[in-house]
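Both backbone and side-chain heavy atoms feed into the values below; hydrogens, waters and symmetry mates do not. Just so it is clear: chains get the letters A, B, ... in the order the sequence lines come, proteins before strands, and each one is counted from 1.
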Number of protein chains: 2
Amino acid sequence: MPRDGGAGAPGVDPQQLWLTPVQPRRGRRPAYSREAITAAAVTLADTEGLEAVTMRKVAARVGAGVMSLYSYAPDKETLLNLMVDHVSGELPTANTLTGDWRADLKVIAHLQRALMLRHPWLPAALSTRRVPGPNTLAFLEHALAALRPTGLDGTAKLEIFAQLTAFVAGHVAHEIAQAAASQAPDRAAVEARYLAAVAADGRHPELAEVLSAPGRPLTPEATFTRFLNRLIDGLDTG
Amino acid sequence: MPRDGGAGAPGVDPQQLWLTPVQPRRGRRPAYSREAITAAAVTLADTEGLEAVTMRKVAARVGAGVMSLYSYAPDKETLLNLMVDHVSGELPTANTLTGDWRADLKVIAHLQRALMLRHPWLPAALSTRRVPGPNTLAFLEHALAALRPTGLDGTAKLEIFAQLTAFVAGHVAHEIAQAAASQAPDRAAVEARYLAAVAADGRHPELAEVLSAPGRPLTPEATFTRFLNRLIDGLDTG
DNA sequence: CTACATTTCCGTACGATGTACGAGAATAGA
DNA sequence: TCTATTCTCGTACATCGTACGGAAATGTAG
């Protein structure tokens, strides 16, 4: 194996993956790079979905043999972690904090949502990731700085960040699923008919009423903002 | 195929799966049942994890040939949906509503959390499920009844329930991951060392402080309750 | 009872996947 | 030039979901 090591899931030391600088150059020179491989995997996931990210397809896109990938990542799980950290690099961490931690946190959540909408596979991939990479850690650092005015202890800050991320991921996953349903009208119609049939059986009066009085459909953006504000405004520093 | 039809993911009509009563008995009598197969898959997931749920292992546990399963569920995705709805049957929906919708919602969330702790694969499986089965719908009906005093419109109620479920799933997934980390002290130690190394590089002062002042560790239960209360108390009926 | 239609059971087989293995090629230092 | 090191990647294998189709069991029609 070249100068990486491995990381993420199984029995691999994260230090060896994320913070090995550059090892002494010996032997054959690498023909590809972890960066290029990760980027190829990301574009593959962006365009064809996460399930299209197979070692063979990634290798084909890079122009490498399948097994060559294993010189840059010890297994697929690690490659997924690399992908997550790769796109996390798109998150800006410039010092734009206002000192109003609630407002700052809302901006952070909106940044996360935008990232996840740009990479719809991200919510699903997040649930498996183990060890945060440098980009993820940079953003975490940013979020912790935003939370500084709360005066909360470390554990509490970390928990808030984890919950916020999980909330955003959950919401975006839901958003994406609904958007996909709109794009497949047949399936949506079938589901609607099914729910209508259930509601018509008389044993689901609340469901029946809900379906008959849906209310005005809001934009996903508005719904997100509303829930986000509720969640964050509900936080206190006690 | 026997008297099911299919459901859930791809191009299968949910009506045909969930609400077909019993078809006229003709031909060979089924040797197994959808119930038994689903139950076997659930215990398999409970004991060995979701990734251990393969058609072959489920069939072996039932005592059937592998392909016999396809007489009861058209594909694995459907079997996963059946599993989800199966365990959702453990959720009580007896009329225990108090009329205080916030309190009722909190009880509902605690029920969901308990269910997910009993079936740790549930949060992961939920992210893929498409069409709710009868047990899921019964619980949804229960939740909608709890939300009745809010006077919100249908869409809003459904969104609150979806968000609540996503929140619980996210939290429990995090809980489970942390519990697993505690059970593998080697890996946890490696991760801790990695984070310490990152914190020591001088470019992550907030992380360094957080790691040095972690605060008192709360029970997962307490953390869950705290976040839940914040979320629900933050909801309003405007 | 005999045919036949229907439904279930399941052995075999196929394509796809992740990845272990190891032979060969390229490079750096001796 | 020799040797140690590192990367490349073809082959091979276990495992997965599941398509196919014949055998077996059951109901109905004659």
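Atom CZ of B:Phe227 is separated from atom CZ of A:Phe167 by 12.5 Å, given to the nearest 0.5 angstrom.
Place B:Ala31 and B:Gly27 on DNA chain C by their nearest nucleotides, and B:Gly27 ends up nearer the 5' end.
At least one donor-acceptor pair under 3.5 Å links the side chain of B:Thr155 to the backbone N or O of A:Pro214. Under the 3.5 Å distance criterion, the side-chain polar atoms of B:Tyr72 are left unmatched by any main-chain donor or acceptor of B:Thr38. In this structure, A:Asp46 contributes its side chain and A:His119 its backbone to no donor-acceptor pair below 3.5 Å.
What separates OH of A:Tyr70 from P of D:dT8 is a distance of 15 Å, to the nearest Å. Atom-to-atom, NZ of A:Lys76 to C1' of D:dC16 comes out at 13 Å; the value is rounded to the nearest Å. For the pair A:Glu77 CD and C:dG18 C1', the computed distance is 12 Å after rounding to whole Å. A:Arg29 places its CZ atom 19 Å from the P atom of D:dT5, with the value rounded to the nearest Å. Rounded to whole Å, atom C1' of D:dG22 lies 12 Å from atom CZ of B:Arg28. The OH atom of A:Tyr32 sits 12 Å away from the P atom of C:dA26 (whole-angstrom rounding). As a whole-Å value, the separation of A:Arg26 CZ from C:dA28 C1' is 6 Å. Rounded to whole angstrom, the span from the CG atom of B:Leu79 across to the P atom of D:dC16 amounts to 14 Å.
Between A:Lys57 and A:Glu51, no side-chain nitrogen of the basic residue sits less than 4.0 Å from a carboxylate oxygen of the acidic one, so the salt-bridge criterion is not met. With respect to B:Glu141 and A:Arg203, no salt bridge is recorded, no charged nitrogen being found less than 4.0 Å from a carboxylate O.
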Are there any protein N/O atoms within less than 3.5 Å of an N/O atom in nucleotides 11-14 of chain D, and if so, which ones and at what distance?
none

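B:Thr78 and B:Asp75 are linked by a side-chain donor-acceptor pair at a separation below 3.5 angstrom, with hydrogens and angles left out of the test. Using modelled atom types, one finds no donor on one side chain facing an acceptor on the other under 3.5 Å when comparing A:His174 with B:Gln163.
Listed by residue number, the members of residues 40-55 of chain A with any heavy atom below 4.0 angstrom from DNA chain C are A:Val53, A:Thr54, A:Met55.
Using a 4.0 Å heavy-atom criterion, one finds that A:Ala64 contacts the sugar-phosphate atoms exclusively.
Note on ring orientation: taking the six-membered ring where Trp is involved, the planes of A:His110 and A:Phe224 are perpendicular (angle over 60°, cut-offs 30° and 60°).
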